[in-house]
There are 2 protein chains.
Amino acid sequence: MRDERLTTITETAAALGITARAIRFYETKGLIAPQRVGANRVYNHRDRGRLKLILRAKRLGFSLEDIREYLDLYDADPVQLEQQQLLLAKVEKRIAELEQQQTDLAITLDELREISRQTRVYLERNQSEESQ
Amino acid sequence: MRDERLTTITETAAALGITARAIRFYETKGLIAPQRVGANRVYNHRDRGRLKLILRAKRLGFSLEDIREYLDLYDADPVQLEQQQLLLAKVEKRIAELEQQQTDLAITLDELREISRQTRVYLERNQSEESQ
DNA sequence: AATAAAGTTGACGTATACGTCATGTGCAAC
DNA sequence: GTTGCACATGACGTATACGTCAACTTTATT
């Protein structure tokens, strides 16, 4: 197994295109808990994966609080039936939201592609006029 | 043509599942500009469509400022070549963003569906144990 | 006409997600 | 031993997106 490097907060942030401040902020919100070497935070492969997941979820418009819950789904150890059923309900609710979002996305993309197409048509028409 | 009804702000808000305050806020941000009857705002079919578009874009994680630009794309009258080229660039940038988002969405949905599946397996297993 | 219901414009408050100092500490190089 | 980073922890500031009064004017109903 490779990539068991430990990265500093600045390295980690740079690799992800965010700031160290942001990463520390996520920590205060309980989204990650890297190990420490002395007082310094060090991030392992799993931590970096978690951060990528956080950023992906953010791009989808989730709040950090949402994302915390979402991450808990991964960490959820199968404890009690009742908790598992709650988990299932949450997951399926989220799936429904994302499916709605998929629809929204498709519609919006269609609209934008149509605008793009029409704009290109317009530009081509004017270019040929200019060349006459 | 139907639906040329004019709706009040409260009606409009209720129909969309938002508050009148939110709609007024969108107006101060230049996202909509309904007509007035006296001092009162009235919303026509087009306005309601605009509001739906705003909400759809919000669900996709766009800021109101983004959405304002986005709406301007619809209103853009074909003026100057240069402006049209800028428009095209913006639109295609946005398309690229949304395509990235589509990928994010697909990944996240896969992950959640897998969690859902495993949770259901777990629940079924425990139910059959209980019935023995 | 009087009262209630609905709408209007400020103005201030609030949650989220960081940015930006200020101040301090540990370690490496000189 | 001190200079210089890289990192740490507060603490305060800021942008976004409204919520929540307050005070007032219209519009609708009795």
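Any value given below was found using the heavy atoms of this structure, including those in side chains, with hydrogens, waters and symmetry copies removed. Please read all numbers here as calculations on a predicted model, not as lab measurements. A, B, ... follow the sequence lines: proteins, then strands. Residue 1 opens every chain.
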Problem set entry | Intermediate values then yes/no, side-chain contact (heavy atoms from CB on, under 4.5 Å), Leu112(B) and Tyr70(A) | CA-CA 9 Å; Leu112(B) 284 179; Tyr70(A) 182 56; 3.3 Å; yes
Exercise. dT8(C) P sits how many Å from Tyr43(B) OH, rounded?
Worked result: 7 Å
Exercise. Over how many whole Å does the gap from Phe62(A) atom CZ to dA17(C) atom C1' extend?
Worked result: 17 Å
For this session: Could you state the atom-to-atom distance from CG of Leu51(B) to P of dA17(D) in whole Å?
Result: 15 Å
Exercise. Heavy-atom distance under 4.5 Å between the side chains of Thr119(A) and Gln85(B), does that happen here?
Worked result: no
Exercise. Does Tyr26(A) make a side-chain N or O approach to OP1 or OP2 of dC18(C) shorter than 4.0 Å?
Worked result: yes
Exercise. Atom CZ of Arg68(A) to atom C1' of dT16(C): distance rounded to whole Å?
Worked result: 14 Å
Exercise. Is Tyr26(A) close to Arg24(A) at the side-chain level, that is, under 4.5 Å between some pair of heavy atoms?
Worked result: no
Problem set entry | Derivation and outcome, side-chain contact (heavy atoms from CB on, under 4.5 Å), residues Arg120(A) and Glu92(B) | CA-CA 11 Å; Arg120(A) 275 180 281 113; Glu92(B) 304 211 313; 3.7 Å; yes
Seminar exercise, completed: Note: for Leu64(B) and Gly38(B) on DNA chain D, the residue whose nearest nucleotide lies more 5' is Leu64(B)
Problem set entry | Carboxylate-amine/guanidinium contact Arg59(A) Glu97(B), below 4.0 Å | no
Exercise. Do NZ/NE/NH1/NH2 and the carboxylate oxygens of Arg94(B) and Glu111(A) come within less than 4.0 Å?
Worked result: no
Hey, what are the protein-to-nucleotides 9-13 of chain C N/O distances that come in under 3.5 Å?
residue	atom	partner	partner atom	Å
dT9(C)	OP1	Arg36(B)	NH1	3.2
dT9(C)	OP1	Arg36(B)	NH2	3.0
dT9(C)	OP1	Arg41(B)	NH2	3.4
dT9(C)	OP2	Arg41(B)	NH1	2.8
dT9(C)	OP2	Arg41(B)	NH2	2.6

Problem set entry | Length of the CD1-P vector between Ile9(B) and dT27(D), whole Å | 15 Å
Seminar exercise, completed: Out of dT16(D), dA17(C), dC18(D), minimum distance to the side chain of Ser63(B) belongs to dT16(D)
Problem set entry | Atom-pair distance (CD1 on Ile18(B); C1' on dG19(D)), nearest Å | 14 Å
Exercise. Should Thr19(A) be listed as having a side-chain N or O under 4.0 Å from OP1 or OP2 of dG19(C)?
Worked result: yes
For this session: Check every atom of dA8(D), dG19(C), dT27(D) against the side chain of Asn40(B) and return the nucleotide holding the closest atom.
Result: dT27(D)
Problem set entry | Value in whole Å for how far the C1' atom of dA15(C) lies from CD1 of Ile67(A) | 16 Å
For this session: Could you tell me whether the phosphate oxygens of dA15(D), OP1 or OP2, come under 4.0 Å of any side-chain nitrogen or oxygen in Lys29(B)?
Result: no
Exercise. Any side-chain heavy atom of Asn40(B) within less than 4.5 Å of one from Arg36(B)?
Worked result: no
For this session: Rounded off to whole Å, could you give me the CG-to-C1' distance for the Asp66(B) and dA17(D) pair?
Result: 13 Å
